[in-house]
Peer 1: 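Could you have a look at this structure, given as structure tokens, before my questions?
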Number of protein chains: 2
Amino acid sequence: MKKTGLPLEIFRNYLRKKGLKFTRERLIIFNGIISISKHFDADSLCEFLKGRNKNISRASVYRTIPLLVKSGLITESLRCNNKFSYELTFGRRHHDHMVCVKCGRIIEFYDARIEKLQNEVCKKRGFEPLRHKLGIKGYCRACLSKMRK
Amino acid sequence: MKKTGLPLEIFRNYLRKKGLKFTRERLIIFNGIISISKHFDADSLCEFLKGRNKNISRASVYRTIPLLVKSGLITESLRCNNKFSYELTFGRRHHDHMVCVKCGRIIEFYDARIEKLQNEVCKKRGFEPLRHKLGIKGYCRACLSKMRK
DNA sequence: TAACAATTGAGATTGAATCTCAATATCAAA
DNA sequence: TTTGATATTGAGATTCAATCTCAATTGTTA
Ligand SMILES: [Mn+2]
Ligand SMILES: [Mn+2]
Ligand SMILES: [Zn+2]
Ligand SMILES: [Zn+2]
């Protein structure tokens with residue numbers, strides 16, 4: 001179990017600022033996401049909580065996720081299996097994703113040069129970028145070597 | 001109405017190769033997409049056809065789109081309004097997208113340097129890229145100047 | 001032309017995501 | 001601590017894109 005001090009305070013502050021309430025359910029959802037600490041979707045989060053005898057209704061999970069996004073703790077990342085997928089990004093640097101079409105493995109990467117060129121291209125078009133998503137689909141190293149056999 | 005000679009042949013050849021039939025409905029759908037010649041989703045395509053008195057069932061439209069993707073004529077591009085969006089890409093160079101979060105405008109761009117760096121990053125990770133999608137959300141030039149007033 | 005297999009369309013179904021609303025919990029103020 | 005205004009919860013209903021079903025129809029090949 002990770003330490004949750006700072007992010008929890010951020011979440012509480014976000015809720016307070018918006019006149020929203022810090023509930024038992026929201027804390028359980030928050031803790032669940034901290035424990036998973038990797039890509040998840042709303043449904044898998046429900047299942048994860050259920051497995052720990054913390055049954056929170058789907059509705060509450062679906063309602064809390066956007067709050068955590070707005071508070072800056074989690075980010076909508078890939079779309080996997082036709083579901084929105086999220087990841088804990090608080091305190092982590094922005095990154096993009098490679099996804100293996102064979103085994104589903106997700107490889108995170110960051111390349112400052114790509115990021116810089118993106119900003120450059122935006123500037124050239126008079127476009128002010130807010131956020132972006134770069135997803136590369138292909139075959140991961142492990143699947144490639146399996147296939148070559 | 002654009003000329004449709006070559007792409008139509010490609011579609012017919014794809015169908016033949018797969019033992020599938022070239023039907024009246026598939027031709028109508030094909031022609032519709034050629035006429036639209038910009039981003040579309042399955043539903044808007046149905047509506048477009050209906051407006052031209054070519055009522056094709058949603059099921060057939062939804063069934064034909066993947067065939068056109070596989071035949072290399074159209075590509076799944078952005079996800080807009082929570083629907084898959086496609087565009088005619090036959091004969092066009094690959095490109096990525098900026099989307100204005102204010103007005104929805106779509107700006108297509110291509111930067112060879114970004115593409116090259118992507119390949120480089122993949123190679124470094126032993127990942128063989130098949131396709132990718134880069135979507136940048138932000139404010140377009142027009143919306144920015146409106147907002148500054 | 002005949003025979004087989006693929007296709008069509010209307011409507012049913014799926015599944016993620018959202019909504020409804022009565023019962024309940026939170027929290028700031030008293 | 002108590003109170004009360006207001007936000008939240010959960011079970012189930014609802015939405016909506018996308019997919020599936022299946023009997024009737026059409027395309028293709030011989
Ligand atoms: Mn990036
Ligand atoms: Mn690109
Ligand atoms: Zn793999
Ligand atoms: Zn705009």
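Proteins get letters first, then strands, A, B, ... in listed order; numbering begins at 1 in each.
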Peer 1: Looking only at side-chain atoms of B/Glu25, point me to the closest of D/dT9, C/dA17, C/dT8.
Peer 2: C/dT8
Peer 1: Record whether the side chain of B/Lys21 comes under 3.5 Å of the base of C/dA5 through a donor-acceptor pair of N or O atoms.
Peer 2: yes
Peer 1: Just how far, in rounded Å, is P of C/dT7 from NZ of B/Lys18?
Peer 2: 13 Å
Peer 1: Would one find more than 12 heavy atoms of other residues, nucleotides or ligands at under 6.0 Å from atom NZ of B/Lys54?
Peer 2: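 Atom NZ in B/Lys54 is not crowded, with 12 or fewer foreign heavy atoms closer than 6.0 Å.
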Peer 1: For B/Met98, run the side-chain contact (heavy atoms from CB on, under 4.5 Å) check against A/Glu128, A/Arg125, A/His132, A/Gln118 and tell me which one passes.
Peer 2: A/Arg125
Peer 1: Starting at atom CG of A/Asn82, determine the distance to atom P of C/dT14, rounded to an integer number of angstrom.
Peer 2: 16 Å
Peer 1: Can you see whether B/Tyr110 has B/Arg93 sitting over its ring - NZ or CZ less than 6.0 Å from the centre and within 45° of the normal?
Peer 2: yes
Peer 1: Under 4.0 Å between a side-chain N or O of A/Thr23 and OP1 or OP2 of D/dT9?
Peer 2: yes
Peer 1: Could you check whether the rings of B/His97 and B/His95 sit parallel, tilted or perpendicular, using 30° and 60° as the cut-offs?
Peer 2: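 Correct class here is perpendicular.
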Peer 1: What is the distance from NZ of B/Lys17 to P of C/dA6, rounded to the nearest Å?
Peer 2: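 In whole Å, C/dA6 P lies 17 Å from B/Lys17 NZ.
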Peer 1: Evaluate the side-chain proximity of A/Leu88 to A/Phe40: yes if any heavy-atom separation is below 4.5 Å, no if none is.
Peer 2: no
Peer 1: Do the side chain of B/Arg63 and the base of C/dG9 come within less than 3.5 angstrom through a donor-acceptor pair of N or O atoms?
Peer 2: yes
Peer 1: Does some side-chain heavy atom of B/Glu108 sit less than 4.5 Å from a side-chain heavy atom of B/Arg92?
Peer 2: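 They are in side-chain contact.
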Peer 1: Can you work out whether B/Asn81 or B/Arg24 has the more 5'-proximal nearest nucleotide on DNA chain D?
Peer 2: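 It is B/Asn81 whose nearest nucleotide is closer to the 5' end.
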Peer 1: How close or far is atom C1' of D/dT26 from atom CG of B/Leu20, stated in whole angstroms?
Peer 2: 14 Å
Peer 1: What's the OH-P distance between B/Tyr62 and D/dC16, to the nearest Å?
Peer 2: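 Roughly 12 Å, once rounded to whole Å.
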Peer 1: End-to-end bend of the helix from C/dT1-D/dA30 to C/dA30-D/dT1 (five-pair axes, 10° rounding)?
Peer 2: 30°
Peer 1: State whether A/Phe11 and A/Arg26 meet the cation-pi test: NZ (Lys) or CZ (Arg) under 6.0 Å from the six-membered ring centroid, and within 45° of the perpendicular axis.
Peer 2: no
Peer 1: Using heavy-atom distances to pick each residue's nearest nucleotide on DNA chain D, tell me which of B/Ala59 and A/Leu67 is more 5'.
Peer 2: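 Whichever sits nearer the 5' end wins; that is A/Leu67.
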Peer 1: D/dG27 P sits how many Å from B/Leu15 CG, rounded?
Peer 2: 13 Å
Peer 1: Check whether any side-chain nitrogen or oxygen of A/Ser60 sits under 4.0 Å from OP1 or OP2 of D/dG10, and answer yes or no.
Peer 2: yes
Peer 1: On DNA chain C, check which nucleotide each of A/Ala42 and B/Arg58 is closest to and give me the residue with the more 5' one.
Peer 2: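 So the residue in question is B/Arg58.
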Peer 1: Can you tell me how far C1' of D/dT8 sits from CZ of A/Phe22, to the nearest Å?
Peer 2: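 Distance, rounded to whole Å: 14 Å.
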